[in-house]
Structure formats: structure tokens, C-alpha cells
Amino acid sequence: MRIMLGDKIKELRKRDRRTQDDLATALGITNQAVSRWEANKAYPDMEMIPAIANYFHVSIDELFGYNNDRESTLSRYIEKANRLLEPGAIPDKKQLKRHEQFLREALSEFPNEWHLQERLGMILWIMASADKRKKNDTATLKDAAELFEQAYQNSDDAHMKERIHSSLIGVLGTLRDYQKIKEIAGQSSSLSSCRELVRTVLLHDSNYDRYVSEAFLALLHQLADVLNMNFEHFATTNNPEIYLSLVMLYKSAFGDGNYGWFNSDICLLYLNAARICNRNKDYEQAISCFEKAHDHGDCFTEAAKEPIKRPTSAGISNATELPSRFVYINEGTFKQYIGLFSEDVISKLRSNPKYAAIL
């Protein structure tokens with residue numbers, strides 16, 4: 001076994017500022033033995049290897065220099081896992097099953113790796129959403145929820161922990177596990193004490209303008225999310241202006257019309273305004289809102305080809321930490337919504353070749 005184990009022992013000893021005598025005493029051997037190891041003139045007995053690894057608080061793999069190989073393998077797994085759900089990707093059932101198999105195999109090798117746990121949770125959530133068999137839905141969603149909980153506990157990335165927590169809440173909502181959601185809500189801070197709003201009090205901080213911009217965009221995005229996710233609640237007013245007024249606020253904030261990924265929010269606001277107009281039998285306004293939604297959907301698809309970019313409009317251009325969760329708009333989004341409109345609206349849209357793909 002011609003490996004430079006002695007070099008590694010010496011490296012770890014110096015890292016921890018230990019002497020050869022310290023190591024020898026801990027292991028119950030002579031310092032001459034340690035000296036011979038470090039000169040690669042002799043090797044420790046195999047039964048002593050775990051004690052040496054434990055002394056330096058490293059794994060046996062690390063002691064033998066195998067850790068770099070594992071880190072390289074893990075990096076490849078994570079890179080591949082991240083590519084599985086790139087923006088705009090719409091995997092079919094066979095692809096999802098292959099993704100699931102890859103991630104489960106990767107997790108069998110790295111069982112506590114949160115990147116892999118989070119990706120597998122997302123894959124299972126998507127699979128459950130596409131599965132019409134309710135029994136499978138529930139079992140798959142429960143697996144996804146457990147993976148998100150594990151990923152949340154294992155992650156050391158504060159930003160990603162928030163995203164994972166949000167995914168967990170989404171799955172629990174689908175499962176109607178309201179008790180668990182109430183527990184999470186009880187442990188969460190109020191809106192007034194969230195990070196984004198707290199930082200707006202730093203009036204004389206050099207990053208003050210950035211903090212205000214980020215708080216405004218975060219609140220705007222969340223308000224759009226509340227309206228779009230709870231359509232039936234707000235539709236009881238029979239007034240599309242609750243959606244259209246928020247669109248106007250977006251237009252005022254993004255004065256240069258460069259909405260980027262926020263086109264997703266505006267698209268959904270227009271679609272839900274169109275639904276209310278349709279219920280009110282204001283078909284002309286419903287069609288107008290649908291057409292604007294489609295335009296913003298196209299803009300989002302184009303913007304999502306690249307990572308989210310900073311806004312360029314005055315007043316919000318200082319924001320660097322932007323919302324990370326958006327609904328990915330695609331043809332499937334419009335096909336889902338089109339079934340909610342009356343034949344009067346659908347027939348009018350059908351006459352426009354622009355919408356042939358979704359009709």
C-alpha cells in the first residue's frame with residue numbers, strides 16, 4: 001500500500017498544532033514510531049487507523065486522501081441534479097422517473113447531502129402533481145415533505161433554507177396537513193419583523209437604498225403571490241381591479257418596462273383578472289387581459305433563459321437580493337387556464353393564429 005499516509009498525518013498534526021509526542025501519547029506509542037510514519041519509512045498497523053482518524057476528527061477516507069475523490073463525485077452529482085430542473089424544463093414522466101432513480105442512487109452514497117434531498121423532493125412534488133391516482137399522490141407527497149425537512153435541517157445556506165422551507169409549506173398545503181403548517185406559522189416571525197423590512201430602518205447605512213429596493217420588490221412579489229394563489233377568495237368581489245391595480249403598481253415601479261422574471265407575476269395577475277371578467281360576462285375585457293397575459297408570458301420565457309437580473313428602473317435598480325421563486329410560465333400554463341373561459345372567449349381567441357399552440 002504505497003500511499004503517503006505519513007505526509008497526511010504530518011499535515012493534520014501541524015494543522016492542529018500538535019507535536020509528535022502529543023500524538024504518540026494519545027495513541028500509546030513512541031514518538032519514534034510517529035517520526036517513522038511521517039518520514040514514510042513505516043506505516044501504522046491497520047487496527048490503529050480508526051484511532052488516528054478519530055484523533056484528528058477526520059474520516060478514514062480523508063486520512064487516506066480519498067476525500068478529494070468523494071468531493072469530486074459529489075460535485076458532479078450536485079451539478080447534474082441542478083440541471084434536472086433548469087428554468088423552462090418540462091420533463092415527461094419517463095424523464096422524471098430517471099431523475100428520481102439517479103437522485104435516489106446518489107443519496108444512497110451521500111445520504112445527508114441537502115442539495116440532493118432538495119432536488120429529489122422537487123422531482124417527487126412534480127411527479128405527484130402529474131399523477132392523477134390519489135393514493136400515489138399522497139405517498140409521493142409525503143416522501144417529498146420528508147426530504148424537504150431533511151434538506152432544511154442539513155443545509156447551511158440561509159438563502160436556500162428559506163427556499164426549502166417554502167417548498168415544504170407548499171407540499172404540506174397540497175397534503176392539507178394544516179396542523180403542521182400552523183406549527184410552522186407559529187414558529188415564524190411576523191411580516192413586520194422579516195429581514196427585508198427590518199433592514200429598511202438602517203437609514204444611515206451605506207446599503208440603505210439597496211435594502212429599501214429589496215423590501216419593496218419582495219413585498220410586491222409576495223402580494224402578487226397571495227392574490228394569484230387565492231383566486232377564489234378575491235374573486236368573490238367580482239372586481240378584476242384588485243388584480244389590475246397591482247399590475248399598475250408593477251408598471252409604475254418598473255417604469256422602463258424591463259420586468260424580467262417579474263413578467264411571471266404580471267402574467268398571472270392578468271390571467272386571473274381575465275377569469276373575473278369572464279365570470280362577469282365582460283368578454284371583451286377578458287380577451288384583452290388574456291392577450292396581455294400571453295405577451296408577458298412570452299417575455300418571461302425569454303427572460304428565464306438566463307439567471308434573474310437586477311431591475312434597471314430607477315428606485316429599484318439597487319436591489320441585488322431578489323425573489324427566487326417564480327411560477328414558470330409556458331404553453332401548459334395557458335392550456336390550463338383556457339379551460340376556465342366561456343366558449344365566447346375561446347372562439348374569439350381561436351380566430352387568432354397567435355394562440356393556435358394552446359388551442
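Just so it is clear, the values below take in all heavy atoms, side chains as well, and ignore hydrogens, waters and symmetry mates.
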Does some side-chain heavy atom of [Y] sit less than 4.5 Å from a side-chain heavy atom of [X]?
{"X": "His99", "Y": "Ile126", "answer": "no"}
{"X": "Arg325", "Y": "Ser167", "answer": "yes"}
{"X": "Val171", "Y": "Leu124", "answer": "no"}
{"X": "Asn258", "Y": "Lys309", "answer": "no"}
{"X": "Glu113", "Y": "Leu74", "answer": "yes"}
{"X": "Ile52", "Y": "Phe56", "answer": "yes"}
{"X": "Glu291", "Y": "Ile287", "answer": "yes"}
{"X": "Glu105", "Y": "Gln101", "answer": "yes"}

Under 3.5 Å donor-acceptor, [X] side chain and [Y] backbone:
{"X": "Asn272", "Y": "Leu268", "result": "yes"}
{"X": "Glu214", "Y": "Thr320", "result": "yes"}
{"X": "Ser347", "Y": "Asp344", "result": "yes"}
{"X": "Ser288", "Y": "Gln285", "result": "no"}
{"X": "Ser166", "Y": "Glu162", "result": "no"}
{"X": "Thr200", "Y": "Tyr211", "result": "no"}
{"X": "Asp92", "Y": "Lys94", "result": "yes"}
{"X": "His165", "Y": "Lys161", "result": "no"}
{"X": "Asn230", "Y": "His233", "result": "no"}
{"X": "Ser317", "Y": "Ala314", "result": "no"}

Hey, which of Thr301, Asp265, Asn263 is the one that makes side chain to side chain donor-acceptor pair (under 3.5 Å) with His296?
->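 Checked Thr301, Asp265, Asn263 against His296; only one passes side chain to side chain donor-acceptor pair (under 3.5 Å): Asn263.
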Hey, could you give me the [atom1]/[atom2] distance between [X] and [Y], rounded to the nearest 0.5 Å?
{"X": "Gln117", "Y": "Leu147", "atom1": "CD", "atom2": "CG", "value": "6.5 Å"}
{"X": "Trp125", "Y": "Asp143", "atom1": "CH2", "atom2": "CG", "value": "15.0 Å"}
{"X": "Leu271", "Y": "Ile329", "atom1": "CG", "atom2": "CD1", "value": "7.0 Å"}
{"X": "Leu172", "Y": "Gln179", "atom1": "CG", "atom2": "CD", "value": "11.5 Å"}
{"X": "Thr19", "Y": "Asn31", "atom1": "OG1", "atom2": "CG", "value": "8.5 Å"}
{"X": "Ile9", "Y": "Leu63", "atom1": "CD1", "atom2": "CG", "value": "6.0 Å"}

Salt bridge or not between [X] and [Y]? Use side-chain N to carboxylate O under 4.0 Å.
{"X": "Glu196", "Y": "Arg199", "result": "no"}
{"X": "Glu79", "Y": "Arg83", "result": "yes"}
{"X": "Glu232", "Y": "Arg275", "result": "yes"}
{"X": "Lys354", "Y": "Asp295", "result": "yes"}

Look at atom [atom1] of [X] and say whether more than 12 heavy atoms of other residues, nucleotides or ligands are closer to it than 6.0 Å.
{"X": "Gln336", "atom1": "CD", "value": "no"}
{"X": "Glu284", "atom1": "CD", "value": "no"}
{"X": "Arg15", "atom1": "CZ", "value": "yes"}

Please assess Met248 against Leu244 for the test side-chain contact (heavy atoms from CB on, under 4.5 Å), listing each intermediate value before the final yes or no.
-> CA-CA 6 Å; Met248 292 306 299; Leu244 296 177; 5.7 Å; no
Atom of [X], atom of [Y] and distance for their closest heavy-atom approach:
{"X": "Ala357", "Y": "Glu331", "value": "CB-OE2, 3.4 Å"}
{"X": "Pro240", "Y": "Ala273", "value": "CB-O, 3.8 Å"}
{"X": "Tyr270", "Y": "Ala293", "value": "CB-CB, 3.6 Å"}
{"X": "Tyr55", "Y": "Arg18", "value": "OH-CD, 3.2 Å"}
{"X": "Ala286", "Y": "Asn278", "value": "CB-N, 3.9 Å"}
{"X": "Ser264", "Y": "Phe300", "value": "CB-CD1, 3.7 Å"}

For the pair [X] and [Y], name the ring-plane relationship: parallel under 30°, tilted 30 to 60°, perpendicular over 60°.
{"X": "Phe326", "Y": "Phe262", "answer": "perpendicular"}
{"X": "Tyr259", "Y": "Phe254", "answer": "tilted"}
{"X": "Phe110", "Y": "Tyr77", "answer": "perpendicular"}

Verify side-chain contact (heavy atoms from CB on, under 4.5 Å) between Leu349 and Phe341, making sure each step is shown before the conclusion.
-> CA-CA 11 Å; Leu349 293 172; Phe341 292 97; 5.7 Å; no
Leu168 vs Ile184, side-chain contact (heavy atoms from CB on, under 4.5 Å): CA-CA, chis, key distance, verdict = CA-CA 10 Å; Leu168 171 62; Ile184 293 174; 4.2 Å; yes
Do Arg195 and Ser189 meet the criterion of a side-chain donor-acceptor pair at a distance under 3.5 Å?
->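 Distance-only check fails for Arg195 and Ser189.
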Between the side chains of Asp7 and Asn40, is a donor N or O closer than 3.5 angstrom to an acceptor N or O?
->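 There is such a pair between these side chains.
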Is there a path of hydrophobic side-chain contacts, each under 4.5 Å between heavy atoms, that joins [X] and [Y]?
{"X": "Leu249", "Y": "Leu322", "result": "yes"}
{"X": "Ile60", "Y": "Met46", "result": "yes"}
{"X": "Leu220", "Y": "Val198", "result": "no"}
{"X": "Leu202", "Y": "Ile316", "result": "no"}
{"X": "Leu141", "Y": "Met229", "result": "no"}

Give the C-alpha distance, both sets of side-chain angles, the deciding distance and a yes or no for side-chain contact (heavy atoms from CB on, under 4.5 Å) between Lys292 and Val247.
-> CA-CA 11 Å; Lys292 291 173 182 175; Val247 169; over 6 Å; no
Which of these passes salt bridge (charged side-chain N to carboxylate O under 4.0 Å, His left out) with Glu38: Lys14, Arg13, Lys10, Lys8?
->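 Single pass found, and it is Arg13.
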Just checking, Lys80 and Phe102: is the charged tip under 6.0 Å from the six-membered ring centre and within 45° of the axis?
->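 Ring-cation test returns yes.
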Taking the six-membered ring for Trp and the full ring for Phe, Tyr or His, determine whether the centres of Tyr355 and Phe334 are under 6.0 Å apart.
->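 No, the ring centres sit 6.0 Å or more apart.
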